[in-house]
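Following: one structure in C-alpha cells, then a few remarks.
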Amino acid sequence: EALHGLMNREEGTLIGRNRAMHRLIQKGISVEWRDEESPQHETVTHHDEIRLIDFTDVEANDYCVVNQFTVQGSKQPRRPDVVAFINGLPIAVIELKNPGDEHADIWDAWNQLQTYKDEIGDLFITNTAMIISDGFNARLGSLTADQERFMRWRTVKSENDKPLLGYQLQTLVRGFFDRELLLDYIRHFVLFETDGDRVIKKIAGYHQFHAVREAVRATVIAAEEPEAPKKVKEPRATYANEVVPGSKKAGVVWHTQGSGKSISMCCYAGKLLKQPAMRNPTLVVVTDRNDLDGQLYQTFCGAIELLGETPIRIGDENDGYDASMPARERLRQELSKRQSGGIIFTTIQKFSLGDDEERHPVLSDRHNIVVISDEAHRSQYGLEATFDHKKGIYRYGFAKHLRDALPVASFIGFTGTPIANEDKDTRAVFGDYVSIYDIQDAVDDGATVKIYYESRLAKLDINQTDIDALNEEVEEVIEDEEES
C-alpha cells in the first residue's frame, strides 16, 4: 500500500511533484492494515505511518552512491555522473566536468543539470540538492536555483571546521554528505515558497545550517529550568558550549545583511519545535517595524510544511480576534490563554503599557516560550529606567515590558549588525554569539563583492541633546500609533 501511494502521485510540474514528495519524506505515508490473528480472534484494522527515511536512527537507512547512473530520457538515455541515494530515493545529483578540459567550466555542469531536469525529470522528484564541480570549484543549489543561487559549502563538521587547504569538492562531500548532518539537513533545512504561480525551492547555505543547529542547541539549554551554573570556554562563536542552563539567554546569530536571515529563522523555528526537550514550545517572533513583521510573517507562511503549523500575526484580520479589539489587547489575550505550541508574530511596540499601568502584567510564566528577535540590535534595550522630564516620571523601554510580560521566556537575537555600547549591548541582552557569518565570510564565498574604504575625515557638529529629545518624541508617536 505504501509503495502504491508512493508510485501513484498526481502528475504536475516537476517542482510540484518534488514538493509533494518532500512532504512524504518528512511526514511518512499513511497506511491501513488488518490483523486477522488478534488475541480476540477478530480482524483488527490498524493505521500507521511508513517512514521513507528514518531520521531518528542514522544507521537504519541504506546509503548508496552510483557512478554513471543510466536513466532512459525522453530523447535518449542519460548518465548523470554521480547520484546519491537514501533507501533507494535519489537525494542528490552531482555533475562533474573534466578539470583538464580548458573549454569546460562549472557552469557547463549547471547547464547539463538543466537538460537532465527536462529529459529525466523523474530522477529529481525526491531531490534535495544538485551539485556541480569542475574539479576545482564546487557549488550546491536547489532544484529551482539559478546560477547565482548555487553556493559554496565551506565547512565539514561545524562552523569553525573550515579547511584552509584542499579541493572545494572534497570539503562539500565531507561536510554535506556526512550521514548525520545530511539527515538533519533534509528534515529541517528545505522549504518552499510561492511567488504568484511559481513555486521556489530554497535550501540552507552552510552558514545557515550550522547557525541553526547551534542556536537550537543553545536555546534548549537556555530554556531549562535553572540549576546550578556550569561554565566552559570559547573559540570564535561557541556560546552553545558555554550557555548556562536556565539562563534564558539563547545567544546571538550574527549573520551579515543579505545572508538569508529569514530562511535561517524559519529553519530554526522548524527544528526547535520538534525538540522533545522543549515540550511543544510557543515561539514569539518580534520585530520593530510593521513592514518587517509582514515580510517575515509571509516567509514563515510559505514554510508551513517545514514548521508543521500555521503562524498567526497579531493585528491581522485573520488572527482570530474581533476587528474592534486593539492589537495590544489581542496580543495579551493570545499569550495569556495559550498553554503550548504556536508561532506568534508581533511588533515590540505592542508590549506598551496602558495609561494606568506602571508595570506590564505577567502574561505567561511558562519556561518553554522562546522570543525570536529580528534585527535584535535595534530594539531590545531600554531595560534600565530613564527619566521623562516632560512627565516627571521614570520610563522603561519596550524590551523591559516584554520581559515583564514573559519573565521566564528564553530570548535569541538575529542581527546583521550587533552593537556593543555602554547602554546598548546586543550580547549583554541575549548572550554571546551562537554563530558568526560576517561581511568577510560573504566576500570569501563570493556572495558579495569586496568592499574598499576610503579614509576621510568628515567634520560633523552633533547636538546629542537635540537628538535624544527627538528620539523620545519619535518613540511617543510610534507608541501612540501602536496603541490605536
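As the structure is a prediction and not an experimental result, all values here were calculated from the model.
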message: Among I436, T415, I412, which residue satisfies the side chain to side chain contact (heavy atoms under 4.5 Å, CB included) criterion with V253?
response: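 Going through the options one by one, the only one that passes is I412.
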State the [atom1]-[atom2] distance between [X] and [Y], to the nearest 0.5 angstrom.
X    : Y    : atom1 : atom2 : result
L140 : I131 : CG    : CD1   : 5.0 Å
L113 : L143 : CG    : CG    : 10.0 Å
L307 : I304 : CG    : CD1   : 7.5 Å
I120 : F69  : CD1   : CZ    : 9.0 Å
E95  : T115 : CD    : OG1   : 9.5 Å
I439 : H255 : CD1   : NE2   : 13.0 Å

Residue pair [X] / [Y]: nearest heavy atoms and the distance that separates them:
X    : Y    : value
F150 : R139 : O-CD, 3.4 Å
P90  : V83  : CB-CG1, 3.9 Å
P245 : E224 : CB-OE1, 3.3 Å
T144 : K201 : OG1-N, 3.0 Å
L14  : G121 : CD1-O, 3.3 Å
A250 : A218 : O-CB, 3.5 Å

Give a yes or no answer on whether the side chain of [X] reaches the backbone of [Y] with a donor-acceptor pair at less than 3.5 Å.
X    : Y    : value
R330 : D316 : yes
Q26  : R187 : yes
D57  : E59  : yes
D134 : P99  : no
Q208 : G205 : yes
N18  : F124 : yes
T155 : E159 : no

Does the side chain of [X] pick up a donor-acceptor pair with the side chain of [Y] at under 3.5 Å?
X    : Y    : value
N61  : N87  : yes
T282 : R338 : no
Q72  : R78  : no
H367 : K248 : yes
Y297 : R313 : no
D288 : Q349 : no
T219 : Y268 : yes
S264 : K261 : no
D54  : T56  : yes
S435 : E214 : no
Q112 : D108 : no
D293 : N290 : no

Is it true that [X] and [Y] have a side-chain N and a carboxylate O under 4.0 angstrom from each other?
X    : Y    : answer
D122 : R17  : yes
K97  : D105 : no
R19  : E305 : yes

field: Derivation and outcome, side-chain contact (heavy atoms from CB on, under 4.5 Å), residues V285 and T346
entry: CA-CA 6 Å; V285 184; T346 183; over 6 Å; no
task: Under the side-chain contact (heavy atoms from CB on, under 4.5 Å) rule, what do S410 and I369 come out as? Steps first, then yes or no, please.
output: CA-CA 6 Å; S410 298; I369 294 177; over 6 Å; no
- request: Classify the angle between the aromatic ring planes of Y185 and F209 as parallel (below 30°), tilted (30 to 60°) or perpendicular (above 60°).
  value: tilted
field: Test log, rule side-chain contact (heavy atoms from CB on, under 4.5 Å), inputs R366 and V408
entry: CA-CA 7 Å; R366 286 168 42 219; V408 290; 5.8 Å; no
State whether the number of non-hydrogen atoms from other residues, nucleotides or ligands found under 6.0 Å of [X] atom [atom1] is greater than 12.
X    : atom1 : value
E317 : CD    : no
R174 : CZ    : no
Y63  : OH    : yes
F85  : CZ    : yes
E49  : CD    : yes
K337 : NZ    : yes

message: With a 4.5 Å cut-off on side-chain heavy atoms, are N127 and I91 touching?
response: no
message: Quick check on the 6.0 Å ring-centre criterion: do Y206 and F176 meet it?
response: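 No; F176 has its ring centre 6.0 Å or more from that of Y206.
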query: How about F345 and F300: are their ring centroids closer than 6.0 Å?
result: yes
query: Looking at Y437, F189, W153, which one forms a ring-ring contact (aromatic ring centres under 6.0 Å, His included) with H207?
result: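 Checked Y437, F189, W153 against H207; only one passes ring-ring contact (aromatic ring centres under 6.0 Å, His included): Y437.
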Criterion salt bridge (charged side-chain N to carboxylate O under 4.0 Å, His left out) against D184, the qualifying member of R213, R179, R217, K274: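 Considering R213, R179, R217, K274, a salt bridge (charged side-chain N to carboxylate O under 4.0 Å, His left out) with D184 is found only for R213.
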- prompt: Would D118 and Q114 count as a side chain to side chain donor-acceptor pair (under 3.5 Å) if you check the C-alpha gap in whole Å, the side-chain angles of each, and the deciding distance to 0.1 Å?
  reply: CA-CA 6 Å; D118 290 337; Q114 308 315 304; over 6 Å; no
